[in-house]
Amino acid sequence: MSNPAFRIVNIVGARPNMMKVAPLLAEMRRHAELQPVLVHTGQHYDYSMSRVFFDQLNMPEPDYNLEVGSGTHHAQTAEIIKRFGELMEENRPDMVLVVGDVNSTVGCALVAAKESIPIVHVEAGLRSFDRGMPEEINRVLTDAISNLLFTTEESGNQNLAAEGVSADRVFFVGNLMIDSLIGALEAARRSALRSKLGVRKKGYAVLTLHRPSNVDDPHQLARTMAALAEIAKEIPILFPVHPRTQQKILASGFNGTRVWDGETPVAPSGIWTMPPAAYLDFLGLVDSAAMVMTDSGGIQEETTYLGIPCLTYRNNTERPVTVTMGTNRLVGADPGNLVKHATEVLRNRAPSNGASGHVPPPLWDGKAAPRIVGILKDYLNARRSSTTAVYV
Ligand code: UD1
């Protein structure tokens, strides 16, 4: 009798998880000996933060949706642990795979560790060295309890080695987010959003902002928005707004943004807000932008691959390769500095750190998913033979 397929539970919770899990699921489904299961924790639940990504990335319906919803970090993480724990008690897989650094990542990894289920962390080893960031806590804890750690850049290997993780558990496989990007780029370039907005190629900047450190303090947020209004005198800023940022802008009292009505072309200046963009629309917009200003992690990687100047509005990045090899420049969380660097980028119309941006970082080649799946199969088969050997 042939062996049963290996059941691998894959976790998604928040928006940036979707583009990492999508290519992995597609690859797993090509292998008869693997049975991928998809669990959505429900950390993100709005159509524009979740469902639309499933549709555009051709992801199957989740097998389970835990519907945890929003809450404080401790309440949300606790709810994820409780509900995923109940699922794992009923339905034990051969492996749990988590991606990235969100609350769903650490919550589900912790459950798997307590249940002695092997854990795989994709995007391991990234470190901002800033324990004030919730994501940094999630990264450090998840890596500490993972059995297999897949890294996207050399810094990840070095950080894990420095933390004492043995090299035989660490695999440098490249970047799943870039697998998705490469697969989606043609369709993204056909997105109608740019023509609806009435902006020409390189004639606008894209902005995203959602880190608690940038948006939670109304005074800092108002200063940031005032700096952006300065930049927006030179070039229209297109701002798809994350729900938490939307609430915070209202609370900050800043009223210098204009809401795009979804139809009329925007004016050649000003900050234009719109709901969170769908994956293909956003990628299409970034691909033709003069520059991107962001505090997101994933967007630093996407702009690096696409060769688009990126100004990261943070004091640190856990993705240093985007600065050393890519088009990213860390400007610090300083409104004055943001204006200075933005003016420079717009004047030079060049990648923000002088790099060509056309040579992607090593292994960002669209083949991370097959590399990962090959390693998972070897690991699971080796584990099965060793367990069988014990009982023979
Ligand atoms: C989470 C991740 C962050 C990631 C970001 C991407 C953690 C610690 N943070 O932050 O790393 O970069 O996702 O978007 O996991 N909300 C909605 N609709 C939704 C989801 C959220 O309105 O579908 C609102 C709610 O008011 C909620 C707030 O956004 O309280 C924050 O959502 P949450 O998932 O807690 O954190 P994010 O800021 O999205």
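Bear in mind that the values here come from a model prediction, so they are computed numbers and not experimental data. Counting starts at 1 for both ligands and their atoms, following the listed order.
- Residues Q247 and R244 have side chains that never bring a donor and an acceptor to within less than 3.5 angstrom of each other.
- Per-residue contacts place P243 under 4.0 angstrom from the following atoms of ligand 1 (heavy atoms of the residue considered): 16 (N), 17 (C), 18 (N), 22 (O), 24 (C).
- The nearest heavy-atom contact from the protein to atom 25 (C) of ligand 1 is S70 OG, 3.3 Å.
- At under 3.5 Å, not a single nitrogen or oxygen of N138, backbone or side chain, sits near a nitrogen or oxygen of ligand 1.
- The closest protein non-hydrogen atom to atom 16 (N) of ligand 1 is Y45 OH, 3.6 Å.
- For atom 5 (C) of ligand 1, the closest heavy atom belonging to the protein is H210 NE2, 3.6 Å.
- Shown here for V68 and G42, the closest heavy-atom pair between the two residues is CG2-C, 3.9 Å.
- In terms of protein heavy-atom proximity, atom 9 (N) of ligand 1 is closest to E135 OE2, 3.5 Å.
- In this structure, the protein non-hydrogen atom closest to atom 2 (C) of ligand 1 is V102 CG1, 3.7 Å.
- Ranking the protein heavy atoms by distance from atom 26 (O) of ligand 1 puts Q247 NE2, 3.1 Å first.
- Proximity to H73 (heavy-atom distance under 4.0 Å) selects the following atoms of ligand 1: 8 (C).
- The neighbour count for R29 CZ, taken as heavy atoms of other residues, nucleotides or ligands under 6.0 Å away, does not exceed 12.
- A donor-acceptor pair under 3.5 Å links the side-chain atoms of S252 to the main chain of F254, judged by distance alone.
- Of all the atoms in ligand 1, the ones that sit under 4.0 Å from a non-hydrogen atom of H242 are 14 (O), 29 (O), 37 (P), 38 (O), 39 (O).
- H40 and F54 have their aromatic ring centers within a separation under 6.0 angstrom.
- Residue N255 places its CG atom among 12 or fewer non-hydrogen atoms of other residues, nucleotides or ligands, all under 6.0 Å distant.
- Summary of contacts: the protein heavy atom closest to atom 38 (O) of ligand 1 is R244 CD, 2.6 Å.
- Heavy atoms of H44 found under 4.0 angstrom from ligand 1 belong to the backbone as well as the side chain.
- Ring geometry for F171 versus F150: interplanar angle of 30 to 60°, hence tilted.
- Within ligand 1, the atoms closer than 4.0 Å to a non-hydrogen atom of P16 are 6 (C), numbered from 1 in the order shown.
- The shortest heavy-atom contact between H242 and L209 is CB-O, 4.3 Å.
- The pair R127-E163 meets the salt-bridge criterion, since a charged nitrogen lies less than 4.0 angstrom from a carboxylate oxygen.
- Protein heavy atom at the shortest distance from atom 18 (N) of ligand 1 is D46 OD2, 3.0 Å.
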